[in-house]
Structures are given as C-alpha cells and as structure tokens.
Amino acid sequence: MVPEVRTERLVLRGWRPEDRSPYAELNADPVVGEYLGGPLARGASDAMVERYEEHWAQEGFGIWAVEVPGVAPLVGSVGLRRVPGALPCAPAVEVAWRLAHDAWGQGYATEGARAAVVFAFDTVGLDELVAFTTVGNTRSRRVMERLGMTHDPRGDFAHPHLAAGDPNQPHVLYRLRADPPGT
C-alpha cells in the first residue's frame, strides 16, 4: 500500500487507473520532455507508471502521483527511486519530479520534493539522496538548491542512455545527506 502524504497544497498518493491518460498527456508534451529524453508515447508513459507501482511494492518507497485538491486531480509525479545501475551515481536513491507544463512556476515541485525528502529520511531511514539533470535544466537545478542539495561536480557524468553529442548528455549531480543525530 502506498502511503498518502499531504503538504500545504498537495496530496502525494498512489496511482489510480484514471491517472494514466493525464500522465500520458503531460509526458507527450515536448516542453515537459525537453530535458527528460523527449516526449513519450502512451505505451511508454503507461509502462513508466507500472514501474512506479512495482518500485513501491518492492522497495516500500517510490514515485507518487501528485494531486492539487480543488485544482487538478493530477499535475504530475514526485518521489523516490533507486538509481538505475547503468548510471555512474548508482547505487543511490534519487528524489525526482515531473510536472505538467501548466503546473510549473507554482512551487509544486519544491513542495512535493521536500515532502519526499522528509519521507526518505524520517520514514525510510535513508542517509543520502541524489538528484541529477542535464546541465541546462536550470529550473530543476533551482529546485535541487531549494531542497538544500549541493552540487557534486566530481559526480557529474555523461548520461549513458543519450548519444554522444546530444546537448542533454552532460548531467550534473546533486547530493543531500540526512542530518546526523544530535544536529
């Protein structure tokens, strides 16, 4: 069972069948996909949601659907996931977000990701989180900084799933450690 987390404006919750269509719409948006490998077809978006659900079942943490009560039943996703083994920063757990373009600029990514960070450290008991994005994704980098994450230039990498010469291949790595006991 996926725990529900409420913030001041958001509900982070498990995925529902009716979420798939609006999530596919946001994943098909080229603006949303600009730094995420491009737009996704419906089947790829549905497969992503299935991976999110499997991750929750296997790990006890994962990517939530993000709802804004009274505004929108689904504006995107936010949460935690194990970094795929092919990435140089693995093994690690990533805090990640993906929101519909019309939900940008309202602080939802930071608010939801902050709740995911608290869940990671206080409920799951993780010691560290990472986040990464392409060098030019200044919006996501600002979210990482607002979360208190620190850029780790030694961990920057060329994303192995993107072709050499792709302007999105160079990635930056950010880290956030849990506060040690007594601090």
Side-chain angles (χ1 to χ4, degrees), residues 1-5 10-69 71-106 108-109 112-113 115-116 119-120 129-137 139-141 143-144 157-173:
M1 169 123 171
V2 175
E4 184 176 279
V5 173
L10 308 175
V11 176
L12 311 183
R13 59 168 175 76
W15 292 86
R16 301 174 183 151
E18 62 269 23
D19 294 331
R20 291 194 179 211
S21 182
Y23 199 60
E25 287 178 34
L26 82 87
N27 280 322
D29 183 339
V31 175
V32 171
E34 179 181 7
Y35 298 116
L36 300 171
L40 295 179
R42 174 65 188 255
S45 180
D46 287 350
M48 181 180 284
V49 172
E50 289 166 14
R51 286 191 303 276
Y52 294 164
E53 292 172 326
E54 290 168 8
H55 194 284
W56 272 107
Q58 293 171 359
E59 301 285 350
F61 61 86
I63 304 288
W64 286 279
V66 179
E67 179 178 334
V68 184
V71 176
L74 183 81
V75 295
S77 60
V78 69
L80 310 166
R81 72 178 189 123
R82 291 225 179 261
V83 173
L87 297 184
C89 57
V93 175
E94 174 191 16
V95 58
W97 50 88
R98 179 182 294 240
L99 297 177
H101 185 240
D102 62 1
W104 292 7
Q106 299 178 55
Y108 295 152
F119 185 83
L129 293 171
V130 300
F132 50 86
T133 189
T134 185
V135 172
N137 189 349
R139 287 180 175 273
S140 281
R141 292 180 74 168
V143 171
M144 293 170 196
F157 61 96
H159 201 295
H161 297 136
L162 298 173
D166 184 320
N168 288 329
Q169 190 190 35
H171 271 57
V172 290
L173 180 70

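Side-chain contact check for Asp19 versus Val49: every heavy-atom pair is 4.5 Å or farther apart. When side chains are defined from C-beta on, Tyr52 counts as touching Ser77, because their heavy atoms get closer than 4.5 Å. At least one side-chain heavy atom of Val68 sits under 4.5 Å from a side-chain heavy atom of Leu10. Using a 4.5 Å heavy-atom cutoff, the side chains of Leu12 and Phe119 are not in contact.
Separation of atoms CZ (Arg82) and CG (Leu87) is listed at 14.0 Å; rounding is to 0.5 Å. The distance from atom CG of Asn137 to atom NE2 of His171, rounded to the nearest 0.5 Å, is 8.5 Å. One finds the CD atom of Glu25 at 8.5 Å from the CZ atom of Arg42 (value rounded to the nearest 0.5 Å).
The two atoms that bring Phe61 and His55 nearest to each other are O-ND1, 2.8 Å, heavy atoms only. Minimum heavy-atom separation, Leu26 to Val32: O-CB, 3.4 Å. Listed here is the closest heavy atom pair of Leu162 and Gln169: O-NE2, 3.0 Å.
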Handout entry: Glu4 vs Arg16, salt bridge (charged side-chain N to carboxylate O under 4.0 Å, His left out): CA-CA, chis, key distance, verdict
Key = CA-CA 13 Å; Glu4 184 176 279; Arg16 301 174 183 151; 5.2 Å; no
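Ring-plane geometry between Trp104 and His101 is classed as perpendicular, the angle between the planes exceeding 60 degrees on a 0 to 90 degree scale with a lower cut at 30.
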